[in-house]
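These notes are about the structure you will find just below.
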Amino acid sequence: MNRKVLLLEPNYKNKYPPMGLMKIATYFRRCGDDVRFFKGDLREFAARLLCEEFYENNKDFRLGKYFLNMTSYIRTGKQAYLEVIPNFVGTELQSSIEVYQKRCRKRDYPKFDIVCVTTLFTFYWKQTIETINTAKLFCTEEGRVLVGGIAATILPEQIFKDTGILPHEGLLDQPGIYDAGNEDIIDELPLDYSILYEIDYHYPASNAYFGYMTRGCPRDCAFCAVKTLEPNYKNYIGIADKLAYVDEHFGRKKDLLLMDNNVFASKCFDQIIDEIKQCGFQKGAKYIPSNEYEIAIKNLSEGYNIRAFIRVMVSIYDAYADKLPEKESGSFYLKREKLGLLYPETATVENILKFDEEFHELYNAHFKQTSRIRHIDFNQGLDARLVTDKKMKKLAEVNIKPLRIAFDHYEQKDIYCEAIRCAAECGIRDLSNYLLYNFEDRPEDLYYRMRINVDLCEKLSVTIYSFPMKYHPISDPEYYNNRDFIGEHWNRKFIRAIQAVLNSTKGKVGPGVEFFEEAFGRDVYEYQKLLWMPETFIIFRRRYDANLRNRLADKYTDFSEEDNDLANEWWADFCALPKEKLEIAKGIIAKNQFKKGDYECDDLAVMKVLSYYSISR
């Protein structure tokens, strides 16, 4: 068809690549279309596209070095960006680039026939809506803006209201969704990893195969959106052919991340595990990474996403140059400069293939790949209620790390503990879990669940990392575009206290009794004290808590002369308040707003307690 297709992911931070867009990229490439991916500042992207047009009309290797300067000028109009370019200011080149700068200012952006925008969680609403509305500027008058993904499925009417675009709801699991008569089912296509090489953004978990071997979940938990996103449970989806496709086109990946929502519910569980083993993730699995240079040369030779693999080649040249002595590095630079291979903007497939005759063996001589351990991760977690000895033994046949088991409700503690015990007996000792809080639970329930994990680590000689996850009603009209929801038994101060601790632990709670007790308290009494404690005292506990310093005296000796005991002074004043005054204080503290004018109070004893909350480091 040879359409121009633009794939966009809003400019939020996320760990995993957009699987939906990677499948869509495969679909449109099969249709013979020119596919491009971007994530980031769309105005910057527009300036880049305009600069590419300018460069295409004024090809000169010398300009390639200043591509970013020219892009910055087009985006901002600041003359200083052009003044560093030799023989540019005052020439026809300057007159030519000014045309593109005016187009950028008028938002007259280069156009695509189809623009696809993915959506993630609804609390990224502002970025998502801005991306969709800006995407219209990149679409031809007769073209289509296609929107899909999680937020689009959960709140399609609100997407339409805010953008005028009616999104696709649910999975792309039927033929002909984008093009009538096309029999490809997009959701079943392999992922196009090459789109990730087109952007500067780095996904932390990019060196992995991503996929599903089941879809949906037979349960209908009140806090979960899976029933909306994947309403029908599928017992089995094969992945071997998809992984083989990735190996051939993009190189072998280290890990396998499966996004299944409840794989233990599958009637084909044994078959799933056997296929995972056949794909190279059996117990003790290792692999040797593919030669990225040969992968790039192969794709360039075949004309597959030339834009992406030219970027890959230039990065390979740069990495090689960094390993060379100064004299050899200079010679290598001159060879690249002669062929225009210093920058992606000046590099061509023809010259890369010409340089390959000389560079191929040099690369292989300097870059040796060794075997590495690889792991399988059911990233969304497994259902403790469906654990059996048979299933756990079968699961232990693959190189799973970590085993994630949800522990959403304290009432399920016996079932959860039995599942952990079963995993340990089967030799699975690296575990992780998600701990839902701020739903219908009480604050102490979170403490008890974290404590159970710490104690299980000691008792069973396993490692469990817990990740407390704050509940957020992503489809609620009042809360879909913010994170303000507070559960019935929680308040803003409690939420902030938990977040303050988790910020220092990078969001996780690991093994180790001493570590846990310093972070969350030795018992529920100390934990509840922490929930009410001024945030500054939480973050800088060792400085403000003499009792804690005494407990840690044998371990830490670098305490400052500025250290004091304000945390315990606050607690004494807090506990000394009579019942009625304590309730007044708690009512104010619960709102977690302590600036002048945020609250009204004229009681001296209460005001003294509140004064601690205004202390900053």
Side-chain angles (χ1 to χ4, degrees), residues 7 16-19 21-30 34-37 189-211 239-257 279-281 285-323 332 336 339-345 347-374:
L7 310 179
Y16 303 113
M19 291 176 61
L21 290 184
M22 294 166 80
K23 294 176 183 179
I24 290 170
T26 299
Y27 169 80
F28 282 120
R29 288 197 206 283
R30 287 190 176 190
D34 177 21
V35 181
R36 183 160 190 159
F37 172 57
L189 295 177
L191 307 184
D192 182 350
Y193 283 76
S194 73
I195 70 171
L196 308 184
Y197 312 148
E198 297 183 52
I199 60 174
D200 295 328
Y201 185 87
H202 175 70
Y203 296 94
S206 58
N207 189 16
Y209 305 98
F210 298 90
I239 60 163
D241 58 335
K242 298 182 181 70
L243 268 57
Y245 178 91
V246 172
D247 288 349
E248 178 184 355
H249 289 83
F250 315 114
R252 291 180 292 276
K253 302 297 178 183
K254 179 178 178 291
D255 298 321
L256 173 59
L257 269 65
C279 290
F281 290 89
K286 294 183 178 181
Y287 88 119
I288 297 177
S290 299
N291 186 312
E292 66 170 344
Y293 179 84
E294 292 179 356
I295 292 289
I297 286 291
K298 174 179 177 294
N299 281 294
L300 289 172
S301 300
E302 296 174 357
Y304 191 94
N305 199 349
I306 290 173
R307 185 183 305 105
F309 285 103
I310 282 180
R311 282 174 57 99
V312 171
M313 289 303 303
V314 172
S315 68
I316 288 174
Y317 297 148
D318 290 342
Y320 177 77
D322 289 341
K323 292 178 175 289
F332 185 62
R336 290 174 64 190
L339 292 170
L341 301 181
L342 291 173
Y343 312 102
E345 293 77 20
T348 64
V349 175
E350 179 183 5
N351 284 344
I352 287 173
L353 295 180
K354 183 185 295 185
F355 194 46
D356 175 59
E357 299 172 5
E358 175 181 349
F359 184 68
H360 201 140
E361 291 199 14
L362 292 174
Y363 175 86
N364 288 335
H366 280 78
F367 291 84
K368 301 295 184 181
Q369 298 286 16
T370 57
S371 64
R372 306 177 189 178
I373 297 174
R374 62 185 352 185

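What's counted below: heavy atoms across the whole structure, side chains too, no hydrogens, waters or symmetry copies.
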key: CG on Asn207 to NZ on Lys254, rounded to 0.5 Å   = 7.5 Å
query = Should the ring pair His249 and Tyr304 be called parallel, tilted or perpendicular, given that the plane angle runs from 0 to 90° and is split at 30 and 60?
reply = tilted
Atom pair CD1/CZ of Ile297 and Phe359 - distance to nearest 0.5 Å = 9.0 Å
message = What's the separation between atom OH in Tyr193 and atom OH in Tyr209, rounded to the nearest 0.5 Å?
response = 8.0 Å
Straight-line distance of Ser194 OG to Phe250 CZ, nearest 0.5 Å = 5.0 Å
inquiry  = Please give me the minimum heavy-atom distance between Gly280 and Ala285, naming the atom from each residue.
reply    = O-CB, 3.2 Å
message = I want to check something: taking the side chain as every heavy atom from C-beta on, are Asp192 and Val35 in contact at a cut-off of under 4.5 Å?
response = no
task = Count the heavy atoms of every other residue, nucleotide or ligand shown that sit under 6.0 Å from CG of Asp241, and state whether that count exceeds 12.
result = yes
ask   = Among Tyr293, Phe355, Tyr363, Tyr343, which one satisfies ring pair (Phe, Tyr, Trp, His ring centres under 6.0 Å) with Tyr317?
value = Phe355
inquiry  = Restricting to non-hydrogen atoms, name the atom on Ala205 and the atom on Pro17 that form the minimum distance, rounded to 0.1 Å.
reply    = O-CD, 4.2 Å
Test log, rule side-chain contact (heavy atoms from CB on, under 4.5 Å), inputs Glu198 and Phe37 = CA-CA 7 Å; Glu198 297 183 52; Phe37 172 57; 4.1 Å; yes
ask   = Rounded to the nearest 0.5 Å, how far does CE of Met313 lie from CG of Leu353?
value = 8.5 Å
request  = Give me the ring orientation class for Tyr320 and Phe332: parallel if the planes are under 30° apart, tilted from 30 to 60°, perpendicular past 60°.
outcome  = perpendicular
request  = For residues Ile306 and Leu300, determine if any side-chain heavy atom of one lies less than 4.5 Å from a side-chain heavy atom of the other.
outcome  = yes
task = Tell me, please, which residues at least two apart from Asp255 pass side chain to side chain contact (heavy atoms under 4.5 Å, CB included).
result = Ala208, Leu257, Arg374, His375
key: Nearest-0.5 Å distance that lies between atom CZ in Phe309 and atom CD1 in Ile316   = 9.5 Å
request  = State whether the side chain of Arg311 and the backbone N or O of Ile199 hold a donor-acceptor pair below 3.5 Å, judged by distance alone.
outcome  = yes
key: Any Met22 side-chain heavy atom under 4.5 Å of Ile195 side chain   = yes
task = Determine the minimum heavy-atom distance between Leu243 and Cys279, stating which atoms define it.
result = CD2-CB, 3.8 Å
key: Heavy-atom neighbours of Glu350 CD exceed 12 at 6.0 Å   = no
key: Cation-pi, Phe210 ring and Lys253 (6.0 angstrom, 45 degrees)   = no
ask   = Should Asn305 and Asn299 count as side-chain neighbours, where that means a heavy-atom distance under 4.5 Å?
value = no
ask   = Are Ile295 and Arg252 side-chain neighbours, meaning at least one heavy-atom pair lies under 4.5 Å?
value = no
query = Shortest non-hydrogen contact from Thr370 to Pro289?
reply = O-CD, 3.4 Å
message = For Asn291 and Lys298: C-alpha separation, side-chain torsions, deciding distance, then whether side-chain contact (heavy atoms from CB on, under 4.5 Å) applies.
response = CA-CA 11 Å; Asn291 186 312; Lys298 174 179 177 294; over 6 Å; no
key: Taking every non-hydrogen atom, the tightest pair across Leu191 and Thr26   = C-OG1, 3.8 Å
inquiry  = Minimum heavy-atom separation for Val314 and Leu342, please, with both atom names.
reply    = CG1-O, 3.7 Å
